[in-house]
Number of protein chains: 2
Amino acid sequence: MHIHPLRAHIEEVLPLTDQEFDFILSHFTPLSKRKHQYLVQEGELVDKEHWVIKGCLKAYFFDQNGKEYIVQFAMENWWITDYEAFNNQVRASFSVDCIENCELLAIDYASREKLSSEMHKMERFWAKKTKLAFIASQKRILSLCRNTAKERYEMLLNQYPQLVQRVPKKMLASYLGVSRETLSRL
Amino acid sequence: MHIHPLRAHIEEVLPLTDQEFDFILSHFTPLSKRKHQYLVQEGELVDKEHWVIKGCLKAYFFDQNGKEYIVQFAMENWWITDYEAFNNQVRASFSVDCIENCELLAIDYASREKLSSEMHKMERFWAKKTKLAFIASQKRILSLCRNTAKERYEMLLNQYPQLVQRVPKKMLASYLGVSRETLSRL
DNA sequence: TTATACATGTGAGATAGATCACACTTTGGC
DNA sequence: GCCAAAGTGTGATCTATCTCACATGTATAA
(Lines give C-alpha, C1' and ligand atoms only; values in the text may rest on other atoms or scores of the structure.)
Protein backbone atom coordinates (compact mmCIF):
# COMPACT_ATOMS: atom_id res chain seq x y z
CA MET A 1 0.00 0.00 0.00
CA HIS A 2 1.47 3.37 -1.02
CA ILE A 3 1.31 6.61 0.84
CA HIS A 4 0.11 9.78 -0.91
CA PRO A 5 3.09 11.99 -1.82
CA LEU A 6 1.57 15.05 -0.17
CA ARG A 7 1.08 13.05 3.01
CA ALA A 8 4.70 11.93 2.91
CA HIS A 9 5.68 15.55 2.40
CA ILE A 10 3.69 16.85 5.36
CA GLU A 11 4.78 13.97 7.57
CA GLU A 12 8.39 15.03 7.11
CA VAL A 13 7.36 17.81 9.49
CA LEU A 14 4.66 16.23 11.66
CA PRO A 15 2.66 12.97 11.86
CA LEU A 16 -0.94 12.72 10.61
CA THR A 17 -3.78 10.27 11.10
CA ASP A 18 -5.62 8.92 8.05
CA GLN A 19 -8.61 11.09 8.89
CA GLU A 20 -6.49 14.18 9.22
CA PHE A 21 -4.85 13.61 5.87
CA ASP A 22 -8.16 12.96 4.13
CA PHE A 23 -9.44 16.19 5.58
CA ILE A 24 -6.36 18.07 4.38
CA LEU A 25 -6.48 16.55 0.92
CA SER A 26 -10.14 17.49 0.52
CA HIS A 27 -9.02 21.13 0.46
CA PHE A 28 -6.82 20.63 -2.61
CA THR A 29 -7.73 20.41 -6.29
CA PRO A 30 -5.62 18.35 -8.72
CA LEU A 31 -4.45 20.23 -11.76
CA SER A 32 -2.55 19.34 -14.93
CA LYS A 33 -0.69 21.91 -16.96
CA ARG A 34 1.44 21.64 -20.05
CA LYS A 35 4.83 23.17 -20.64
CA HIS A 36 4.57 26.94 -21.24
CA GLN A 37 1.19 27.24 -19.59
CA TYR A 38 0.94 29.57 -16.65
CA LEU A 39 -0.44 29.30 -13.13
CA VAL A 40 -0.09 32.92 -12.16
CA GLN A 41 0.02 35.90 -14.46
CA GLU A 42 1.57 39.22 -13.50
CA GLY A 43 -1.11 41.80 -12.79
CA GLU A 44 -3.84 39.31 -11.95
CA LEU A 45 -5.22 38.35 -8.55
CA VAL A 46 -3.63 35.22 -7.15
CA ASP A 47 -6.07 32.90 -5.50
CA LYS A 48 -4.03 29.71 -5.47
CA GLU A 49 -0.90 28.22 -4.04
CA HIS A 50 0.44 25.13 -5.81
CA TRP A 51 2.21 22.02 -4.63
CA VAL A 52 4.19 20.19 -7.30
CA ILE A 53 3.51 16.47 -7.70
CA LYS A 54 5.47 16.27 -10.94
CA GLY A 55 7.18 18.79 -13.20
CA CYS A 56 9.16 21.99 -13.01
CA LEU A 57 8.12 25.64 -12.84
CA LYS A 58 9.48 29.15 -12.45
CA ALA A 59 8.25 32.36 -10.80
CA TYR A 60 9.63 35.35 -12.70
CA PHE A 61 9.06 38.76 -14.19
CA PHE A 62 10.57 40.95 -16.89
CA ASP A 63 11.95 44.41 -16.16
CA GLN A 64 11.38 47.43 -18.42
CA ASN A 65 14.28 46.34 -20.68
CA GLY A 66 12.81 42.89 -21.19
CA LYS A 67 15.35 41.22 -18.94
CA GLU A 68 14.01 38.21 -17.08
CA TYR A 69 14.44 37.79 -13.31
CA ILE A 70 13.67 34.39 -11.85
CA VAL A 71 12.51 34.61 -8.27
CA GLN A 72 12.02 30.94 -7.61
CA PHE A 73 12.03 27.53 -9.23
CA ALA A 74 9.83 24.65 -8.13
CA MET A 75 10.12 20.93 -8.73
CA GLU A 76 8.57 17.85 -7.12
CA ASN A 77 7.46 18.51 -3.51
CA TRP A 78 7.94 22.25 -3.73
CA TRP A 79 5.32 24.93 -3.21
CA ILE A 80 4.97 27.85 -5.58
CA THR A 81 2.92 30.97 -6.17
CA ASP A 82 3.44 34.73 -5.90
CA TYR A 83 3.48 34.77 -2.09
CA GLU A 84 3.08 38.46 -1.63
CA ALA A 85 0.05 38.56 -3.91
CA PHE A 86 -1.41 35.35 -2.48
CA ASN A 87 -1.04 36.27 1.18
CA ASN A 88 -2.23 39.84 0.81
CA GLN A 89 -4.76 39.06 -1.90
CA VAL A 90 -3.39 41.69 -4.21
CA ARG A 91 -2.32 41.62 -7.86
CA ALA A 92 0.70 39.56 -8.82
CA SER A 93 4.07 41.15 -9.52
CA PHE A 94 5.40 37.83 -10.83
CA SER A 95 4.17 35.21 -13.24
CA VAL A 96 4.46 31.47 -12.66
CA ASP A 97 4.97 29.27 -15.75
CA CYS A 98 5.48 25.58 -16.32
CA ILE A 99 8.94 24.69 -17.64
CA GLU A 100 7.76 21.09 -18.09
CA ASN A 101 4.35 19.42 -18.16
CA CYS A 102 3.14 19.54 -14.57
CA GLU A 103 0.90 17.66 -12.15
CA LEU A 104 -0.10 19.91 -9.29
CA LEU A 105 -2.31 20.19 -6.24
CA ALA A 106 -3.82 23.64 -5.85
CA ILE A 107 -5.29 25.20 -2.74
CA ASP A 108 -7.17 28.49 -2.81
CA TYR A 109 -6.75 31.25 -0.26
CA ALA A 110 -10.04 30.65 1.57
CA SER A 111 -9.38 26.93 1.87
CA ARG A 112 -5.91 27.53 3.18
CA GLU A 113 -7.18 30.00 5.75
CA LYS A 114 -9.95 27.60 6.76
CA LEU A 115 -7.57 24.67 7.02
CA SER A 116 -5.04 26.72 9.00
CA SER A 117 -7.57 27.92 11.51
CA GLU A 118 -9.41 24.62 11.91
CA MET A 119 -6.32 22.50 12.10
CA HIS A 120 -3.48 23.73 14.23
CA LYS A 121 -1.18 21.09 12.74
CA MET A 122 -1.44 22.61 9.28
CA GLU A 123 -0.79 26.07 10.66
CA ARG A 124 2.35 24.62 12.23
CA PHE A 125 3.30 22.83 9.06
CA TRP A 126 3.02 25.94 6.91
CA ALA A 127 4.74 28.04 9.55
CA LYS A 128 7.65 25.59 9.47
CA LYS A 129 7.79 25.70 5.67
CA THR A 130 7.76 29.48 5.66
CA LYS A 131 10.60 29.57 8.19
CA LEU A 132 12.65 27.27 5.99
CA ALA A 133 11.91 29.39 2.94
CA PHE A 134 12.94 32.52 4.82
CA ILE A 135 16.21 30.96 5.97
CA ALA A 136 16.95 29.73 2.46
CA SER A 137 16.32 33.14 1.02
CA GLN A 138 18.63 34.77 3.60
CA LYS A 139 21.30 32.37 2.41
CA ARG A 140 20.65 33.35 -1.18
CA ILE A 141 21.15 37.01 -0.23
CA LEU A 142 24.46 36.27 1.44
CA SER A 143 25.55 34.18 -1.48
CA LEU A 144 24.83 37.05 -3.88
CA CYS A 145 27.01 39.34 -1.76
CA ARG A 146 29.79 36.89 -0.92
CA ASN A 147 30.30 34.58 -3.85
CA THR A 148 31.36 35.01 -7.45
CA ALA A 149 29.14 33.92 -10.34
CA LYS A 150 31.17 30.74 -10.65
CA GLU A 151 30.88 29.88 -6.97
CA ARG A 152 27.15 30.49 -6.99
CA TYR A 153 26.73 28.28 -10.03
CA GLU A 154 28.74 25.51 -8.41
CA MET A 155 26.71 25.78 -5.24
CA LEU A 156 23.50 25.50 -7.23
CA LEU A 157 24.93 22.53 -9.06
CA ASN A 158 25.74 20.84 -5.76
CA GLN A 159 22.49 21.64 -4.08
CA TYR A 160 20.09 21.03 -6.95
CA PRO A 161 21.85 18.92 -9.58
CA GLN A 162 18.55 17.85 -11.19
CA LEU A 163 17.44 21.46 -11.56
CA VAL A 164 20.56 22.21 -13.60
CA GLN A 165 19.74 19.21 -15.81
CA ARG A 166 16.14 20.11 -16.37
CA VAL A 167 16.25 23.87 -16.81
CA PRO A 168 17.79 25.87 -19.69
CA LYS A 169 21.07 27.55 -18.69
CA LYS A 170 19.62 30.90 -19.60
CA MET A 171 17.06 30.54 -16.81
CA LEU A 172 19.68 29.41 -14.33
CA ALA A 173 21.57 32.58 -15.21
CA SER A 174 18.51 34.72 -14.47
CA TYR A 175 18.06 32.95 -11.17
CA LEU A 176 21.72 33.37 -10.19
CA GLY A 177 21.78 37.01 -11.16
CA VAL A 178 24.35 36.73 -14.00
CA SER A 179 24.11 37.16 -17.76
CA ARG A 180 23.72 33.98 -19.82
CA GLU A 181 27.04 34.73 -21.55
CA THR A 182 28.90 34.80 -18.27
CA LEU A 183 27.25 31.58 -17.15
CA SER A 184 28.11 29.97 -20.48
CA ARG A 185 31.78 30.86 -19.93
CA LEU A 186 31.26 29.32 -16.49
CA MET B 1 -3.84 54.62 30.05
CA HIS B 2 -1.10 53.42 27.76
CA ILE B 3 -0.91 50.19 25.88
CA HIS B 4 2.21 48.01 26.12
CA PRO B 5 4.33 48.40 22.95
CA LEU B 6 4.50 44.63 22.37
CA ARG B 7 0.73 44.46 22.59
CA ALA B 8 0.39 47.27 20.08
CA HIS B 9 2.82 45.39 17.86
CA ILE B 10 0.91 42.11 18.00
CA GLU B 11 -2.43 43.83 17.61
CA GLU B 12 -1.30 45.21 14.27
CA VAL B 13 -1.88 41.62 13.14
CA LEU B 14 -4.69 40.38 15.40
CA PRO B 15 -6.71 41.58 18.42
CA LEU B 16 -5.97 40.35 21.96
CA THR B 17 -7.85 40.39 25.26
CA ASP B 18 -6.09 41.69 28.39
CA GLN B 19 -5.78 38.13 29.69
CA GLU B 20 -4.28 36.90 26.45
CA PHE B 21 -1.69 39.65 26.42
CA ASP B 22 -0.73 39.08 30.05
CA PHE B 23 -0.29 35.40 29.25
CA ILE B 24 1.90 36.23 26.25
CA LEU B 25 3.99 38.77 28.14
CA SER B 26 4.64 36.27 30.94
CA HIS B 27 6.70 34.25 28.45
CA PHE B 28 9.13 37.12 27.81
CA THR B 29 12.06 38.37 29.88
CA PRO B 30 13.12 42.03 29.80
CA LEU B 31 16.75 42.62 29.00
CA SER B 32 19.04 45.65 28.79
CA LYS B 33 22.25 45.65 26.79
CA ARG B 34 24.82 48.33 26.12
CA LYS B 35 26.30 49.31 22.79
CA HIS B 36 28.79 46.69 21.55
CA GLN B 37 27.39 43.93 23.75
CA TYR B 38 26.15 40.84 21.98
CA LEU B 39 22.96 38.79 22.13
CA VAL B 40 24.09 35.94 19.93
CA GLN B 41 27.65 34.81 19.32
CA GLU B 42 28.71 32.85 16.26
CA GLY B 43 29.36 29.23 17.16
CA GLU B 44 27.18 29.18 20.27
CA LEU B 45 23.73 27.69 20.73
CA VAL B 46 20.94 30.21 20.29
CA ASP B 47 18.18 29.87 22.81
CA LYS B 48 16.55 33.27 22.48
CA GLU B 49 14.70 35.42 20.03
CA HIS B 50 14.59 39.14 20.82
CA TRP B 51 12.06 41.85 20.29
CA VAL B 52 13.41 45.40 20.29
CA ILE B 53 11.72 47.91 22.60
CA LYS B 54 14.45 50.50 22.09
CA GLY B 55 17.77 50.54 20.29
CA CYS B 56 19.43 49.22 17.19
CA LEU B 57 21.19 45.93 16.42
CA LYS B 58 22.84 43.97 13.62
CA ALA B 59 23.09 40.26 12.75
CA TYR B 60 26.36 39.66 10.90
CA PHE B 61 29.41 37.52 10.38
CA PHE B 62 32.95 37.91 9.05
CA ASP B 63 34.24 35.84 6.14
CA GLN B 64 37.73 34.31 6.03
CA ASN B 65 39.18 37.64 4.79
CA GLY B 66 37.70 39.55 7.68
CA LYS B 67 35.03 41.17 5.56
CA GLU B 68 31.78 41.82 7.38
CA TYR B 69 28.41 40.75 6.00
CA ILE B 70 25.31 42.16 7.63
CA VAL B 71 22.36 39.84 7.36
CA GLN B 72 19.82 41.95 9.14
CA PHE B 73 19.35 45.12 11.14
CA ALA B 74 16.78 45.55 13.87
CA MET B 75 15.30 48.66 15.44
CA GLU B 76 12.23 49.35 17.56
CA ASN B 77 9.46 46.75 17.01
CA TRP B 78 11.70 44.38 15.07
CA TRP B 79 12.54 40.81 15.94
CA ILE B 80 16.09 39.54 15.74
CA THR B 81 18.15 36.40 16.31
CA ASP B 82 19.98 33.84 14.16
CA TYR B 83 16.81 32.21 12.86
CA GLU B 84 18.37 29.10 11.45
CA ALA B 85 20.19 28.38 14.71
CA PHE B 86 17.19 29.30 16.85
CA ASN B 87 14.62 27.27 14.94
CA ASN B 88 16.79 24.20 14.51
CA GLN B 89 18.51 24.56 17.87
CA VAL B 90 21.95 24.38 16.30
CA ARG B 91 25.05 26.58 16.64
CA ALA B 92 24.90 30.13 15.32
CA SER B 93 26.51 31.08 12.03
CA PHE B 94 25.88 34.76 12.76
CA SER B 95 26.44 37.04 15.72
CA VAL B 96 23.99 39.66 16.91
CA ASP B 97 25.43 42.85 18.45
CA CYS B 98 23.96 46.04 19.79
CA ILE B 99 24.76 49.11 17.71
CA GLU B 100 23.16 51.29 20.39
CA ASN B 101 22.16 50.67 24.00
CA CYS B 102 19.13 48.41 23.81
CA GLU B 103 15.98 47.53 25.71
CA LEU B 104 14.71 44.13 24.65
CA LEU B 105 12.19 41.43 25.40
CA ALA B 106 13.64 37.95 25.04
CA ILE B 107 11.77 34.68 24.60
CA ASP B 108 13.50 31.32 24.78
CA TYR B 109 12.86 28.44 22.41
CA ALA B 110 10.83 26.31 24.82
CA SER B 111 8.60 29.23 25.77
CA ARG B 112 8.01 30.10 22.17
CA GLU B 113 7.09 26.52 21.35
CA LYS B 114 4.82 26.35 24.37
CA LEU B 115 3.15 29.64 23.54
CA SER B 116 2.72 28.66 19.89
CA SER B 117 1.12 25.36 20.68
CA GLU B 118 -1.09 26.59 23.50
CA MET B 119 -2.22 29.71 21.77
CA HIS B 120 -3.24 29.46 18.16
CA LYS B 121 -3.29 33.25 17.87
CA MET B 122 0.44 33.47 18.55
CA GLU B 123 1.16 30.72 16.06
CA ARG B 124 -0.78 32.80 13.54
CA PHE B 125 0.98 35.97 14.56
CA TRP B 126 4.44 34.50 14.12
CA ALA B 127 3.43 32.76 10.91
CA LYS B 128 2.33 36.14 9.55
CA LYS B 129 5.58 37.77 10.63
CA THR B 130 7.62 35.02 9.00
CA LYS B 131 5.68 35.39 5.76
CA LEU B 132 6.40 39.11 5.75
CA ALA B 133 10.07 38.49 6.46
CA PHE B 134 10.21 35.97 3.62
CA ILE B 135 8.58 38.36 1.17
CA ALA B 136 10.92 41.16 2.23
CA SER B 137 13.94 38.97 1.74
CA GLN B 138 12.76 37.92 -1.73
CA LYS B 139 12.61 41.60 -2.54
CA ARG B 140 16.11 42.10 -1.25
CA ILE B 141 17.31 39.30 -3.55
CA LEU B 142 15.67 40.90 -6.56
CA SER B 143 17.07 44.25 -5.64
CA LEU B 144 20.60 42.82 -5.50
CA CYS B 145 20.14 41.42 -9.02
CA ARG B 146 18.27 44.33 -10.56
CA ASN B 147 19.50 47.53 -9.05
CA THR B 148 22.80 49.36 -8.96
CA ALA B 149 24.53 50.18 -5.67
CA LYS B 150 23.18 53.71 -5.88
CA GLU B 151 19.62 52.59 -6.47
CA ARG B 152 19.79 50.14 -3.58
CA TYR B 153 21.14 52.84 -1.28
CA GLU B 154 18.39 55.24 -2.32
CA MET B 155 15.76 52.56 -1.76
CA LEU B 156 17.12 51.90 1.73
CA LEU B 157 17.14 55.61 2.40
CA ASN B 158 13.51 55.85 1.37
CA GLN B 159 12.37 52.80 3.23
CA TYR B 160 14.35 53.19 6.45
CA PRO B 161 15.52 56.80 6.71
CA GLN B 162 16.14 56.48 10.48
CA LEU B 163 18.34 53.44 9.97
CA VAL B 164 20.60 55.45 7.68
CA GLN B 165 20.81 58.14 10.40
CA ARG B 166 21.60 55.77 13.22
CA VAL B 167 23.99 53.29 11.63
CA PRO B 168 27.58 53.91 10.39
CA LYS B 169 27.79 54.03 6.58
CA LYS B 170 30.27 51.19 6.63
CA MET B 171 27.58 48.89 8.04
CA LEU B 172 25.01 50.07 5.53
CA ALA B 173 27.55 49.18 2.85
CA SER B 174 27.93 45.65 4.26
CA TYR B 175 24.18 45.27 4.33
CA LEU B 176 23.75 46.54 0.78
CA GLY B 177 26.52 44.35 -0.57
CA VAL B 178 28.88 47.15 -1.67
CA SER B 179 32.26 48.33 -0.45
CA ARG B 180 32.31 51.29 1.94
CA GLU B 181 34.32 53.28 -0.62
CA THR B 182 31.67 52.85 -3.29
CA LEU B 183 28.92 53.81 -0.86
CA SER B 184 30.91 56.87 0.19
CA ARG B 185 31.12 57.96 -3.48
CA LEU B 186 27.39 57.28 -3.65
C1' DT C 1 42.86 66.00 27.56
C1' DT C 2 44.89 63.12 25.08
C1' DA C 3 45.41 59.14 22.44
C1' DT C 4 43.77 55.46 19.94
C1' DA C 5 40.44 53.36 17.50
C1' DC C 6 36.71 54.15 14.44
C1' DA C 7 34.43 56.55 10.60
C1' DT C 8 34.59 58.89 6.34
C1' DG C 9 36.33 60.94 1.79
C1' DT C 10 38.84 60.51 -2.39
C1' DG C 11 42.42 59.15 -6.00
C1' DA C 12 44.31 55.52 -9.16
C1' DG C 13 44.34 51.18 -10.94
C1' DA C 14 42.54 46.41 -11.41
C1' DT C 15 38.72 43.21 -12.62
C1' DA C 16 34.49 40.50 -12.66
C1' DG C 17 30.89 40.62 -15.16
C1' DA C 18 27.72 43.19 -18.60
C1' DT C 19 26.68 44.13 -23.32
C1' DC C 20 26.73 43.67 -28.18
C1' DA C 21 27.50 40.83 -32.10
C1' DC C 22 27.52 36.71 -34.56
C1' DA C 23 27.69 31.64 -35.53
C1' DC C 24 26.04 27.20 -34.70
C1' DT C 25 22.94 23.72 -32.85
C1' DT C 26 18.84 21.80 -31.03
C1' DT C 27 13.85 21.62 -30.47
C1' DG C 28 9.04 21.49 -31.44
C1' DG C 29 5.02 22.62 -34.24
C1' DC C 30 2.93 22.06 -38.72
C1' DG D 1 10.94 16.44 -42.75
C1' DC D 2 11.21 21.40 -42.68
C1' DC D 3 11.53 25.81 -40.72
C1' DA D 4 11.17 29.19 -37.17
C1' DA D 5 12.20 29.86 -32.56
C1' DA D 6 14.81 28.90 -28.75
C1' DG D 7 19.16 27.57 -26.64
C1' DT D 8 24.12 27.82 -26.47
C1' DG D 9 29.22 29.13 -27.23
C1' DT D 10 32.63 32.62 -27.90
C1' DG D 11 35.07 37.02 -29.23
C1' DA D 12 35.65 42.07 -28.38
C1' DT D 13 34.62 45.90 -25.87
C1' DC D 14 32.89 48.57 -21.87
C1' DT D 15 31.79 49.74 -17.13
C1' DA D 16 30.29 49.47 -12.34
C1' DT D 17 32.34 48.26 -8.58
C1' DC D 18 36.39 46.48 -5.87
C1' DT D 19 40.83 47.06 -3.92
C1' DC D 20 44.67 49.42 -2.17
C1' DA D 21 46.45 53.62 -0.42
C1' DC D 22 46.44 57.64 2.19
C1' DA D 23 44.39 61.83 4.41
C1' DT D 24 41.40 63.69 7.60
C1' DG D 25 37.72 64.03 10.92
C1' DT D 26 35.30 62.38 15.12
C1' DA D 27 34.18 59.78 19.00
C1' DT D 28 35.32 57.44 23.37
C1' DA D 29 37.88 55.62 27.13
C1' DA D 30 41.78 56.01 30.31
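Chain letters run A, B, ... following the sequence lines, proteins first and then strands; every chain starts at 1. Since the structure is predicted, the reported quantities are computational estimates derived from the model, not experimental observations.
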Asker: For B:L183 and for B:H36, locate the closest nucleotide of DNA chain D by heavy-atom distance; then report the residue assigned to the nucleotide nearer the 5' terminus.
Answerer: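 Whichever sits nearer the 5' end wins; that is B:L183.
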Asker: State which residues pass ring-ring contact (aromatic ring centres under 6.0 Å, His included) with B:Y38; sequence neighbours excluded, sorted by chain then number.
Answerer: none
Asker: Mind running a 4.0 Å heavy-atom check of residues 142-165 of chain B against DNA chain C and sending the residues that fall below it, in number order?
Answerer: none
Asker: Measure the acute angle between the ring planes of B:Y83 and A:F134, then classify it against the limits of 30° and 60° as parallel, tilted or perpendicular.
Answerer: perpendicular
Asker: To the nearest 10°, give me the bend of the helix from C:dT1-D:dA30 to C:dA12-D:dT19, comparing the axes of its five terminal pairs at either end.
Answerer: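 Inter-axis angle at the ends, rounded: 10°.
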Asker: Does atom NZ of A:K121 have more than 12 heavy-atom neighbours, drawn from other residues, nucleotides or ligands, at distances under 6.0 Å?
Answerer: yes
Asker: Looking at B:Q37 and B:R34, would you say the former's side chain and the latter's main chain have a donor-acceptor pair under 3.5 Å?
Answerer: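 Between the backbone of B:R34 and the side chain of B:Q37 there is a qualifying donor-acceptor contact (under 3.5 Å).
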Asker: Who passes side-chain contact (heavy atoms from CB on, under 4.5 Å) against B:L186, sequence neighbours left out?
Answerer: B:Y153
Asker: In whole angstroms, how far is the C1' atom of D:dA6 from the CD atom of A:E100?
Answerer: 16 Å
Asker: Do B:D18 and B:R7 meet the salt-bridge criterion of a basic N to acidic O distance under 4.0 Å?
Answerer: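 The answer is yes: the pair qualifies as a salt bridge.
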Asker: Among residues at least two apart in sequence or on other chains, which ones pass side-chain contact (heavy atoms from CB on, under 4.5 Å) with A:T29?
Answerer: none
Asker: Mind checking what makes salt bridge (charged side-chain N to carboxylate O under 4.0 Å, His left out) contact with B:E68, not counting sequence neighbours?
Answerer: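 B:E68 satisfies salt bridge (charged side-chain N to carboxylate O under 4.0 Å, His left out) with B:K58 once adjacent residues are dropped.
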Asker: Shorter than 3.5 Å, N or O on both sides, protein versus nucleotides 21-28 of chain D: list them out with atom names.
Answerer:
residue : atom : partner : partner atom : Å
D:dT28  : OP1  : B:K35   : NZ           : 3.3

Asker: Could you tell me whether A:E12 and A:K129 have a side-chain N and a carboxylate O separated by less than 4.0 Å?
Answerer: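 Here A:E12 does not pair with A:K129 in a salt bridge, since their nearest N and O are not under 4.0 Å apart.
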Asker: Side chain of B:H36, backbone of B:N101: donor and acceptor closer than 3.5 Å?
Answerer: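 No.
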Asker: Rounded to 10°, tell me the angle between the two end axes of the helix from C:dA14-D:dT17 to C:dC30-D:dG1, each built from five pairs.
Answerer: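 That helix gives 30° between its end axes.
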Asker: Among A:K54, A:K35, A:R166, which one satisfies salt bridge (charged side-chain N to carboxylate O under 4.0 Å, His left out) with A:E100?
Answerer: A:R166
Asker: For A:F73 together with A:Y175, are the ring centres under 6.0 Å from each other?
Answerer: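 Yes - the distance between ring centres of A:Y175 and A:F73 falls below the 6.0 Å cut-off.
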Asker: Is B:E20 close to B:M122 at the side-chain level, that is, under 4.5 Å between some pair of heavy atoms?
Answerer: no
Asker: Pick one: which of A:E76, A:E103, A:H9 meets side-chain contact (heavy atoms from CB on, under 4.5 Å) with A:W51?
Answerer: A:H9
Asker: Clusters formed by hydrophobic residues whose side-chain heavy atoms approach within less than 4.5 Å: which one holds B:L39, and what are its other members?
Answerer: B:L31, B:V40, B:V46, B:V52, B:L57, B:I80, B:F86, B:V96, B:L104, B:Y109
Asker: Does anyone know the first and last nucleotide of DNA chain C in reach of chain A, 5' to 3', at under 4.0 angstrom to a heavy atom?
Answerer: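 From 5' to 3', the first and last contacting nucleotides are C:dG17 to C:dG28.
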Asker: What parts of residues 166-175 of chain B reach DNA chain C, counting only heavy atoms under 4.0 Å away?
Answerer: B:P168, B:K169, B:K170
Asker: Tell me whether B:W79 at atom CH2 has more than 12 heavy atoms from other residues, nucleotides or ligands lying less than 6.0 Å away.
Answerer: yes
Asker: May I ask you to decide if A:K67's main-chain N or O and A:D63's side chain share a donor-acceptor pair within less than 3.5 Å?
Answerer: yes
Asker: I need the CZ-P distance between B:R185 and D:dT19, as an integer number of Å.
Answerer: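 In whole Å, D:dT19 P lies 12 Å from B:R185 CZ.
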Asker: The criterion is salt bridge (charged side-chain N to carboxylate O under 4.0 Å, His left out); which residues satisfy it with A:K150, sequence neighbours excluded?
Answerer: none
